[in-house]
Amino acid sequence: MNVITDHLSEFGHGLLLTAELTLLSLAGALVAGTVVASMRVSPVRVLRAAGMAYVEVLQNVPLLVWLVLAVFGLPEIGLMTGLFTTSVVVISLYQGAYTAEAVRSGINAVPAGQGEAARALGLTFTQSLRLVVLPQGLRTVVQPLGNIAIMTLMNTAMAAAVGVVELTAAANRVNLAEATPIWIFVTAGLAYMALSGLFGLVTGALERKWAILR
Amino acid sequence: MIEVRGLHKRFGGHTALRDVDLDVARGEVVVVIGPSGSGKSTLCRCLNRLETPDAGTVRIDGEELPEEGRALARLRADVGMVFQSFNLFQHKTVLQNLTLAPTRVRGLPRDEAERDARELLGRVGIGTQADKLPAQLSGGQQQRAAIARALAMRPKAMLFDEPTSALDPEMVGEVLDVMTDLARDGMTMVVVTHEMGFARQVADRVVFMADGEVVETGTPSAFFDSPATDRARDFLAKVLSH
Ligand SMILES: Nc1ncnc2c1ncn2[C@@H]1O[C@H](COP(=O)(O)OP(=O)(O)OP(=O)(O)O)[C@@H](O)[C@H]1O
Ligand SMILES: [Mg+2]
């Protein structure tokens with residue numbers, strides 16, 4: 001047990017970075033996903049096609065490949081961003097593709113009459129989506145979005161491979177010094193479980209709070 | 001006020017509207033009746049372009065309805081619509097349902113929009129329900145709220161697509177009363193309905209549709225007492241025998 005207590009600050013820093021990566025990426029994924037889902041239901045054909053292309057391209061290449069590509073590719077085109085920032089952006093865009101699919105199914109679950117009533121009142125397509133359809137659609141997909149949040153948390157471990165010292169990388173470093181992998185990685189695993197348990201609780205609470213009476 | 005010329009609408013191979021002409025004068029109440037599938041809803045939805053016609057034109061107050069976009073939204077703001085299934089925004093209170101469009105489309109300040117909304121809710125007899133969610137209201141109350149929501153935009157005309165068809169019988173009257181008051185106040189109205197009593201008493205003109213065409217049009221007394229076509233006679237024999 002000493003290996004853990006001796007390295008609490010490393011674990012703490014790693015955990016903090018994991019939490020930051022997750023929350024920032026989640027916020028980014030929610031924005032990207034909502035924008036892309038809106039494009040996919042828009043009356044403009046070009047936007048629909050672009051939205052679909054986004055989802056297909058992002059989902060069909062592994063996250064690790066995107067991360068490595070970004071970390072080595074962005075400096076080539078003159079974009080010098082830090083490893084942490086690059087990871088947040090890449091994970092956001094990647095998880096954004098999955099978020100877009102969840103949000104789109106939420107939009108489709110809203111009765112067509114809601115959008116029609118909004119447009120009949122003079123709201124533009126964008127306004128009716130933003131003010132009437134999305135607020136209802138998002139509430140119906142809290143559970144799938146919660147699963148995406150947990151998937152995002154797990155996927156932040158990929159950032160370890162490009163040099164971000166988040167929880168998994170921190171555990172790995174401690175292990176290089178102490179060589180007691182079982183204890184160290186069980187601890188890291190429990191920390192991930194605790195975080196995802198937290199997400200589960202938040203998801204459940206939001207779902208109850210936002211249940212729509214019909 | 002409303003001027004429809006040569007309206008055509010197809011759904012796949014099925015023609016829902018065939019060369020429909022219709023004029024509605026300012027302050028006139030036109031009731032559209034006809035058998036199921038005759039194109040009444042489609043006509044109603046073409047009047048504010050919720051359905052895009054394949055040919056023909058619709059003019060509202062002299063202006064032709066444009067393609068989807070800002071200009072169309074602006075014209076729609078002047079034409080209220082009431083649906084069979086109410087379509088109140090489920091995530092907003094009744095009051096918020098009424099203030100959404102006036103604040104977002106007309107740019108009305110919130111307090112002014114709320115004052116108008118409360119007054120309108122009072123007018124349709126549900127002043128005490130303002131802060132409830134739509135699902136907490138009865139069907140008749142929801143439909144009256146939906147009418148108030150449309151009126152909150154101060155429309156030049158109102159479209160009703162079978163506003164009482166989804167209601168329990170005991171609630172039909174309260175909604176028809178609101179519509180009757182509206183007609184008495186001079187609102188221009190197009191009403192698709194199966195309520196023959198309402199048509200007879202409130203309509204200035206009845207339009208009878210069948211198979212996507214306007215078959216007959218006339219004053220309620222002329223139409224109900226001496227229909228000119230066989231199809232109208234058949235239809236009336238069926239609906240009035242109940
Ligand atoms: N979105 C659609 N897609 C395909 N066909 C449609 C669509 N909307 C209407 N139709 C068809 O067009 C025809 C006219 O429909 P419409 O709803 O206008 O009739 P209606 O007179 O309102 O009938 P009801 O009294 O049953 O409401 C019907 O045959 C219907 O099946
Ligand atoms: Mg209909």
Side-chain angles (χ1 to χ4, degrees), chain A residues 30 34 37-49 51 102-145 205-214, chain B residues 41 44-45 47-52 67-93 96-107 132-137 142 145-146 149-155 157-161 166:
Chain A
L30 207 56
T34 305
S38 306
M39 288 166 68
R40 293 203 67 178
V41 298
S42 119
V44 184
R45 187 197 301 262
V46 185
L47 290 181
R48 280 201 306 272
V103 172
R104 189 167 68 108
S105 74
I107 290 175
N108 290 337
V110 178
Q114 294 286 307
E116 287 180 355
R119 280 180 292 134
L121 284 165
L123 274 73
T124 62
F125 180 83
T126 317
Q127 282 179 317
S128 81
L129 198 59
R130 189 164 56 85
L131 300 169
V132 174
V133 178
L134 271 175
Q136 296 183 59
L138 284 174
R139 290 170 198 218
T140 65
V141 290
V142 171
Q143 194 60 56
L145 289 179
L206 287 181
E207 198 162 48
R208 257 166 285 138
K209 176 160 178 251
W210 284 343
I212 294 183
L213 283 168
R214 287 211 183 275
Chain B
S41 296
C44 202
R45 292 162 56 84
L47 295 183
N48 66 358
R49 227 180 150 93
L50 278 183
E51 212 73 77
T52 313
E67 299 282 310
E68 194 76 36
R70 273 179 193 287
L72 179 58
R74 189 170 49 75
L75 280 181
R76 276 183 184 144
D78 290 336
V79 182
M81 184 158 196
V82 176
F83 302 83
Q84 182 174 345
S85 49
F86 326 139
N87 294 343
L88 289 171
F89 306 135
Q90 299 293 322
H91 63 307
K92 293 189 177 292
T93 64
Q96 290 167 340
N97 264 274
L98 267 72
T99 56
L100 180 74
T103 53
R104 298 291 179 153
V105 177
R106 300 258 194 250
K132 290 192 181 164
L133 288 169
Q136 297 171 303
L137 270 55
Q142 288 194 52
R149 176 177 68 177
L151 291 175
M153 290 298 281
R154 305 192 181 287
M158 291 276 288
L159 312 173
F160 296 82
D161 187 4

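All values below were derived from every heavy atom in this structure, side-chain atoms included, with hydrogens, water molecules and symmetry-related copies excluded. Numbers restart at 1 for each chain; the letters A, B, ... are given by sequence-line order, proteins then strands.
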Legend entry - Between B:Leu72, B:Leu75, B:Leu88, B:Asn48, the one whose heavy-atom pairs under 4.5 Å with chain A are most numerous: B:Leu88
Legend entry - Interface residues of residues 117-126 of chain A facing chain B - heavy atom cut-off under 4.5 Å: A:Ala117, A:Ala118, A:Arg119, A:Ala120, A:Leu121, A:Gly122, A:Leu123, A:Thr124
Legend entry - Interchain contact, B:Leu100 with chain A, by part (heavy-atom threshold 4.5 Å): side chain
Legend entry - Greater than 12 external heavy atoms within 6.0 Å of B:Arg106's CZ: yes
Inset, instruction - Say whether A:Gln114 and A:Gln136, considering side chains only, have a donor N or O and an acceptor N or O under 3.5 Å apart. - result: yes
Inset, instruction - Identify which part of A:Gln127 has an atom lying under 4.5 Å from any heavy atom of chain B, answering side chain, backbone, both or neither. - result: side chain
Legend entry - Which atom of B:Cys44 lies closest to which atom of B:Asp161, heavy atoms considered: SG-CB, 4.2 Å
Inset, instruction - Can you tell which part of B:Phe89 gets under 4.5 Å to a heavy atom of chain A, answering side chain, backbone, both or neither? - result: both
Legend entry - Sequence neighbours excluded, every pair satisfying side-chain hydrogen bond (donor to acceptor under 3.5 Å, both in side chains) that has a member inside residues 39-48 of chain A: A:Arg40-A:Glu101
Inset, instruction - Start with the C-alpha distance between A:Arg139 and A:Glu207, add both sets of side-chain angles, then the distance that settles salt bridge (charged side-chain N to carboxylate O under 4.0 Å, His left out), and finish with yes or no. - result: CA-CA 7 Å; A:Arg139 290 170 198 218; A:Glu207 198 162 48; over 6 Å; no
Inset, instruction - For residues B:Pro102 and B:Ala152, report the shortest heavy-atom separation together with the two atoms involved. - result: CG-O, 3.7 Å
Inset, instruction - Please confirm whether the backbone N or O of B:Thr93 pairs with a side-chain atom of B:Asn97, one donor and one acceptor, at under 3.5 Å? - result: yes
Inset, instruction - For a side-chain contact (heavy atoms from CB on, under 4.5 Å) with A:Val103, tell me which candidate from A:Asn108, A:Val41, A:Leu134 qualifies. - result: A:Leu134
